Amino acid sequence: MNFSNKVWQLTQKIPKGKITTYNIVAKKLNSKAYRAVGQALKKNPNAPEVPCHRVVASDGSIYGYKGIKNNKEKINLLKKEGIKIKGKKIINFKEHLYKF
DNA sequence: CGCTTGACACCGT
DNA sequence: AACGGTGCCAAGC
């Protein structure tokens, strides 16, 4: 079981309409490798199974996801799940926050 | 085996 | 409040 593998497993656990942060995921893995979490998610071999769009930065902003590409469709999908996004930041992201 | 990179977080300015 | 610099950890080369 690699670090990345755990990350994906946890990410899969995120229910629809909920989100979490890299920091939290790393802590759940008993580690401070929140950056490595991002690395794992970007690899994401299980694209459909792992909702990486539900993992955001600690301040509730989309770090890199939309930044890499102008993929508004994914952001729109998040909105459809009940998450409101203003620019790169999630509105009331703490309320949707899933702490495992 | 060691240096560089990156979807972050934290602190100072 | 916004921006920039620094530290962190795992993976890749």
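Letters A, B, ... mirror the listed sequences (proteins, then strands); counts begin at 1. Keep in mind that this is a model prediction, so the values were computed, not measured.
- A straight line from NZ of A:K42 to C1' of C:dA10 spans 11 Å, rounded to a whole angstrom.
- By the 5.5 angstrom centroid cut-off and the 30-degree plane limit, A:Y65 is classified as stacked against the base of B:dA7.
- One atom, CD1 of A:I24, and another, C1' of C:dC8, lie 18 Å apart when rounded to the nearest Å.
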Which pairs would a plain distance check flag for residues 49-59 of chain A, meaning a side-chain donor or acceptor within less than 3.5 Å of a matching protein atom at least two apart in sequence or in another chain?
unit_1, atom_1, unit_2, atom_2, d
A:R54, NE, A:E81, OE1, 3.0
A:R54, NH1, A:I14, O, 3.1
A:R54, NH2, A:E81, OE1, 3.4
A:R54, NH2, A:E81, OE2, 2.9
A:D59, OD1, A:S61, N, 3.3
A:D59, OD1, A:S61, OG, 2.6
A:D59, OD2, A:S61, OG, 3.3

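- For A:K88 and C:dA1, the NZ to C1' distance is 16 Å, given to the nearest whole Å.
- Atom-to-atom, CG of A:D59 to C1' of C:dA2 comes out at 12 Å; the value is rounded to the nearest Å.
- Following rounding to the nearest Å, A:R35 (CZ) and B:dC10 (C1') show an atom-to-atom distance of 12 Å.
- Of the candidate nucleotides C:dC8, B:dA9, C:dA10, B:dA9 has the atom lying nearest to any side-chain atom of A:S58.
- Heavy-atom minimum distance, A:L41 versus A:N44: O-CB, 2.8 Å.
- Under the 4.5 Å side-chain criterion, counting only non-hydrogen atoms from C-beta, A:I90 is not in contact with A:K84.
- Applying the ring-ring contact (aromatic ring centres under 6.0 Å, His included) definition to pairs two or more places apart or across chains, those involving residues 79-100 of chain A are A:Y98-A:F100.
- Scored by the side-chain hydrogen bond (donor to acceptor under 3.5 Å, both in side chains) test, A:N23 finds A:K27 as partners (sequence neighbours excluded).
- With rounding to whole Å, A:L41 atom CG is found 18 Å from C:dC9 atom P.
- The nearest whole Å value for the distance from the OH atom in A:Y22 to the P atom in C:dA10 is 17 Å.
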Restricting both atoms to N or O, compile the protein contacts to nucleotides 11-13 of chain C shorter than 3.5 Å, with distance only.
unit_1, atom_1, unit_2, atom_2, d
C:dA11, O3', A:K43, NZ, 2.4
C:dG12, OP1, A:K43, NZ, 3.3

Cut-off 3.5 Å, no hydrogens considered: what does the side-chain donor-acceptor table look like for residues 29-38 of chain A, sequence neighbours left out?
unit_1, atom_1, unit_2, atom_2, d
A:S31, OG, A:A33, N, 3.1

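- What separates CG of A:N30 from P of C:dC8 is a distance of 18 Å, to the nearest Å.
- Judged as a side chain to side chain donor-acceptor pair (under 3.5 Å), not a single pair has a partner in residues 3-12 of chain A (not counting sequence neighbours).
- A:K32 has a side-chain polar atom (N or O) that falls below the 4.0 Å cut-off from OP1 or OP2 of C:dC9.
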